[in-house]
Protein chains: 2
Amino acid sequence: MMRANLSQEAVILAAAELADQQGFEAVTVSALARRFDVKPASLYSHVRDRAAVLDGLHELALGELAALIAEETAGRSGRDALAGLAGAHRRYAREHPGRWAAMQQPAREQTVRSGEAARVVTLIWAVLRAYDLPDDELVHATRLVGATINGFLALERSGSFGHRTDSAALSWERAVDALDLALRAWPGGGTSLSRKTTSA
Amino acid sequence: MMRANLSQEAVILAAAELADQQGFEAVTVSALARRFDVKPASLYSHVRDRAAVLDGLHELALGELAALIAEETAGRSGRDALAGLAGAHRRYAREHPGRWAAMQQPAREQTVRSGEAARVVTLIWAVLRAYDLPDDELVHATRLVGATINGFLALERSGSFGHRTDSAALSWERAVDALDLALRAWPGGGTSLSRKTTSA
DNA sequence: GTATAAACCTAAACACCGTAGGCAACCGAT
DNA sequence: ATCGGTTGCCTACGGTGTTTAGGTTTATAC
């Protein structure tokens, strides 16, 4: 019985691919074992249990999302950067639906405190820097931004929008505008930075 | 073998109770059968499959949420009604965590088009009426409101906030304020209705 | 009372999860 | 190259869950 060259990283990466190809629910120990042509019990040499695989998948997705956010916000500021941040989420959800679904699952303490999660938060902070918020307001603004973006994507991906992609795109723009406006008018800060007026 | 007086409604209601008591994932055909002291196979006289039970649970939760929203927004207008709408969601999620989790699952076409879902949307429209939005903007505003509220609750319930309930309450107020501001400044409408100024 | 429909059961097949112990492959030291 | 120890893979097993098919029992209508 040749060794299949498995490792925790390989199993988690396979889980990510499987999630995107067949959906989050399809990520089972059995399905992963079939993918590597080994028996399910063999995977327990590399991963503690199914939950551990899903935790790893969650963290991998956070890391990839952070990279995409960095890419989409680089060299941008204000509403432009905000749009890049939001757009990165939406693009990631589109291109990696299964990975994105993994991020919607209740996160374990370890995942909440992971380096990848911190990176995403740091990138959001960088985008918010242009809004000149007081330090003690940063956490509230970060939560609002994260909540709104993810809430919108969850709604969109749940099929609540029907097949109206044209209307969804405008809803998206409205949402980004709303966030920008809220941030600029934030209590104790958010001086208008008038890079791009929101005349409608 | 006495008949257990089962019905589809009884099974779905039991699923809701089980979800709130033990979590959404604990809602299985086997667990429900144990609850009624029958064998799992017996439930298929009343429900098509597990997915049908979960669909029913989703719709039941939407109906209950609609009732709570109606209660919390009655006699209120503007930001006050908006706060009531948002508060109803938060209260429901708190008091019925399992039911709420059921509503976060991908919804089936039938559920999206259900009377209960329509009722929730209608109530959101009623709250938005005070903001005097153009008809063609209503759908975008509705999506933003739904997305922000649900997104916030998903974040909060996922443990991302840690145990900082004091800080979560302020984040919540900031989020409601942000929504109110965005709605009042909405393109093509949203005249300031100055019922309660947002001086900070 | 009888006939029928519906509700319940058993049996079975299938899928998934994870543990324990055994065997084979691999690696490092000599 | 050989040997010993470690690690990775397997089998076997016990447990949980899902759903279908067919049989038995209960309830209802006439």
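So that the names make sense, note that chain A is the first sequence line, chain B the second, and so on, each numbered from 1.
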- Would a hydrophobic clustering, with Ile, Leu, Val, Met, Phe, Trp and Tyr connected at side-chain separations under 4.5 Å, put B:V145 with B:V112? no
- For A:E25 and C:dA15, what is the distance between atoms CD and C1' respectively, to the nearest whole Å? 15 Å
- Looking across every strand, which nucleic acid part, if any, lies under 4.0 Å from A:S45 by heavy atom: base, sugar-phosphate, or nothing? base
- Message: More than 12 heavy atoms of other residues, nucleotides or ligands under 6.0 Å from CZ of B:R129: yes or no?
- Response: no
- Item | Nearest-angstrom distance from the residue atom CZ of A:R48 to P of C:dG18 | 10 Å
- Task: Would you classify A:S30 as touching base, sugar-phosphate or nothing, given that sugar-phosphate means primed atoms plus P, OP1 and OP2, and contacts are heavy atoms under 4.0 Å?
- Result: sugar-phosphate
- Query: Can you find a side chain N or O atom of B:H46 that sits less than 4.0 Å from OP1 or OP2 on C:dC8?
  - Reply: yes
- Message: Heavy atoms only, 4.0 Å cut-off, all strands: where does A:A4 land among base, sugar-phosphate and nothing?
- Response: sugar-phosphate
- Item | A:Q21 side chain near A:P97 side chain, heavy-atom distance below 4.5 Å | no
- Can you tell me the distance, in whole Å, between the OH atom of A:Y44 and the P atom of C:dC17? 6 Å
- Query: How long is the line joining NZ of B:K39 and P of D:dT24, in whole Å?
  - Reply: 18 Å
- Do the non-hydrogen side-chain atoms of A:R174 and B:W186 ever get within less than 4.5 Å of each other? yes
- Message: Tell me the interatomic distance from A:L32, atom CG, to C:dA15, atom C1', rounded to whole angstroms.
- Response: 15 Å
- Task: Would you indicate, yes or no, if D:dC9 has its OP1 or OP2 atom less than 4.0 angstrom from a side-chain nitrogen or oxygen of A:R3?
- Result: no
- So does B:T28 get a side-chain nitrogen or oxygen closer than 4.0 Å to the phosphate oxygens (OP1/OP2) of D:dT16? no
- pair B:M103-B:L65: side-chain heavy atoms closer than 4.5 Å: yes
- Query: Separation of B:D49 atom CG from C:dA15 atom C1', in whole Å?
  - Reply: 16 Å
- Note on the structure: Rounded to whole Å, CG of A:L6 lies from C1' of C:dC26 at a distance of 15 Å
- Message: Both B:R34 and B:M1 contact DNA chain D. Taking the nearest nucleotide for each, which residue is further toward the 5' end?
- Response: B:R34
- Query: Rounded to whole angstroms, how far apart are CZ on A:R50 and P on C:dT19?
  - Reply: 15 Å
